[in-house]
Amino acid sequence: MTFDWNYFFSLFRLADFWWASLTVIKLSLASWLLSIVFGFVLALGKQSRFVLLNVPAKIYIWFFRSLPLLVLLIFVYNMPQIFPASSTVLASPFWAGLIAMVLCESAYIAEIHRGGLLSIPKGQGEAARALGIRFVGIQWLVVIPQAIRVALPALTNEYISIVKLTSLVSVISLTEILMVGQRLYTQNFLVLETMAAVAAYYVMIVTVFDFLLKQLENYLDVTRGKSARQPSVELMESVRRAPAHPVVPQAEFDGPALKASRLHKSYNDIEVLGSVNMSVNSGEVVSIIGPSGSGKTTLIRLLNGLEQLDNGEIDINGSPFLKLLRHGADKSRFIEHSEHRTKIGMVFQSFNLFPHLKVIDNLLLAPRYHKMGSRTDLELQAYQLLDKVGMLEHAWKYPHQLSGGQQQRVAIARALMMRPQIMLFDEPTSALDPEKVNEVLQVIEDLAREGITMVIVTHEMNFAFKVSDRIVFMEQGRVVCDDAPQVLREGRNPRVEAFLKDVSLA
Ligand code: ADP
Ligand code: MG
């Protein structure tokens with residue numbers, strides 16, 4: 001017996017096969033896309049701290065990953081026997097197939113997403129939160145675009161496996177490629193020729209989509225050899241000519257811009273902050289110094305609500321921002337007036353720029369989200385702020401194309417875009433090469449001179465003594481002294497004296 005090549009090639013002119021291919025493409029794409037969306041919700045559920053979310057998500061993933069697709073297909077298709085009303089949808093093999101595939105695939109894809117989510121540094125979500133972006137916005141604007149990039153190779157793999165799994169839907173009599181082939185060879189017994197054609201159709205579909213998804217992967221990979229244009233000289237000049245937006249917002253209140261009272265924080269029953277009080281007036285620059293582990297970062301993270309306080313309260317411009325309400329001995333409720341969140345800008349030690357966005361889009365993300373102005377207005381403001389920190393030429397680069405010092409200057413401009421009343425800095429220069437430290441300190445010093453209210457955690461003692469109105473010295477979660485720099489220099493406090501001993505203050 002020989003292979004009937006003529007018959008084999010004739011199968012590529014058969015409309016039935018092409019229609020069946022279209023069905024396979026529709027079914028597989030719909031299953032894949034729906035599973036990506038549903039899988040993401042499941043992945044978030046599984047990661048959630050809330051038992052009501054994570055337990056159902058875990059059970060779902062465990063159950064549907066254990067169930068063979070074939071069993072599920074037959075089950076879903078026969079559902080109308082128990083729920084006759086479902087027959088309007090499930091009588092169609094396409095819809096029944098789609099539902100069964102999504103139920104099953106979303107459980108696998110949830111785990112792929114989880115890998116993607118775990119790869120996104122915690123600082124990304126924190127940076128977005130510090131810009132006042134809420135949960136859904138953070139997922140949609142910051143996390144998903146990055147997580148999808150990481151997950152895409154695995155998702156492509158999953159798509160290919162879905163294409164092949166569609167052949168199983170023939171058991172519930174969907175006319176897909178395998179079914180067309182089976183019908184043919186039961187009539188003419190040319191099994192090998194027909195199945196070779198069936199195989200060729202699958203290989204074609206997989207090849208085409210594999211290619212397309214690779215293109216998407218390359219497109220989303222911002223690190224691949226795209227060199228950025230520079231803003232034109234005309235743009236730079238027009239930015240410099242335009243009237244500057246004031247960086248310092250109008251003080252809204254006579255009293256302290258920020259007032260923290262009795263802040264407590266413990267991790268695993270170990271007290272990290274014990275009853276810290278601090279007050280910062282409008283236009284004041286306060287530096288926080290002290291040995292490592294003394295609670296400086298914790299304090300600054302409490303101040304803008306990135307970490308939940310265990311007791312105490314924080315007021316902004318005299319109105320409550322964060323507070324822990326105690327009811328009785330062990331019941332308490334954390335209260336956040338999140339509308340104040342954007343009044344505090346935060347600059348992190350590790351910059352936390354959004355790597356998938358260009359510099360200019362890093363600046364525009366939050367103001368656009370908060371609908372703070374028209375597109376052209378916001379763009380002008382962003383260019384002006386970039387100019388102020390000396391980064392206008394780099395506006396269209398991606399963060400990975402910048403040095404650490406440049407990234408930190410962009411991060412400062414990004415925080416300023418929200419016109420915060422208070423800027424918090426957590427060791428803004430300690431992740432930088434020594435020669436990049438000064439360019440960042442210079443920017444902060446200029447802001448101090450303009451009268452922006454700032455709280456700066458720093459180990460740069462000369463800088464702290466030069467720019468600060470007050471210096472807070474912390475040790476073991478307590479404020480040891482809180483005084484003007486001159487007073488600290490006088491060396492009245494032996495502990496501060498000892499800490500400063502090794503630094504030769506200019
Ligand atoms: P600093 O910024 O002054 O170096 P931190 O505020 O980072 O100090 O840390 C103060 C103390 O709190 C340290 O002992 C640190 O180990 C502890 N700590 C900080 N964050 C956590 C956390 N998420 N879980 C447990 N312990 C923590
Ligand atoms: Mg720290």
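All ligand and atom numbering here is 1-based and tracks the order in the structure. Please read these numbers as outputs of a predicted model, since none were measured by experiment.
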**OP:** For the pair S275 and H264, evaluate side-chain contact (heavy atoms from CB on, under 4.5 Å) and give the outcome as yes or no after the intermediate values.
**Re:** CA-CA 5 Å; S275 201; H264 279 269; 3.7 Å; yes
**OP:** Step by step, work out the side-chain contact (heavy atoms from CB on, under 4.5 Å) result for V440 and I412.
**Re:** CA-CA 9 Å; V440 172; I412 292 172; 4.1 Å; yes
**OP:** Please test V389 against V410 for side-chain contact (heavy atoms from CB on, under 4.5 Å), starting from the C-alpha separation and ending with a verdict.
**Re:** CA-CA 7 Å; V389 299; V410 172; 5.8 Å; no
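Classification of the H340-H337 ring pair by plane angle, with boundaries at 30° and 60°, yields tilted.
Looking at ligand 1, you won't find any N or O of S292 less than 3.5 Å from one of its N or O atoms. For the pair T298 and ligand 1, the shortest N or O to N or O distance falls below 3.5 Å. Looking at S294 next to ligand 1, an N or O pair under 3.5 Å apart turns up. Considering backbone and side-chain atoms together, G293 places an N or O closer than 3.5 Å to an N or O of ligand 1.
Atoms CZ and NE2, on F38 and H113 in that order, are 11.5 Å from each other to the nearest 0.5 Å. Atoms CG and CZ, from L235 and R240 in turn, are 9.5 Å apart once rounded to the nearest 0.5 Å. Within the model, atoms CD of Q408 and CG of L402 stand 12.0 Å from one another, a figure rounded to the nearest 0.5 Å.
Side-chain atoms of N352 and E126 form no donor-acceptor pair, as typed in the model, at a separation below 3.5 Å. Checked by atom type, the side-chain pair Q442/D446 shows a donor-acceptor distance below 3.5 Å.
The environment of CZ in R449 is crowded: more than 12 heavy-atom neighbours from other residues, nucleotides or ligands sit within 6.0 Å.
At the top of the distance list for atom 8 (O) of ligand 1, counting protein heavy atoms only, stands G295 N, 3.2 Å. The protein heavy-atom contact nearest to atom 19 (C) of ligand 1 is Y267 CE1, 3.5 Å. At the shortest separation from atom 7 (O) of ligand 1 among protein heavy atoms lies T297 CB, 3.5 Å.
Ligand 1 places these atoms under 4.0 Å from at least one heavy atom of V272: 10 (C), 11 (C), 12 (O).
Atom 11 (C) of ligand 1 lies below 4.0 Å from at least one non-hydrogen atom of the protein. By the definition of a contact as any protein heavy atom under 4.0 Å away, atom 16 (O) of ligand 1 is not in contact.
Within a radius of less than 2.8 Å around the Mg ion (ligand 2), the protein N, O or S atoms are T297 OG1.
Closest heavy-atom contact between L357 and P399: O-CD, 3.1 Å.
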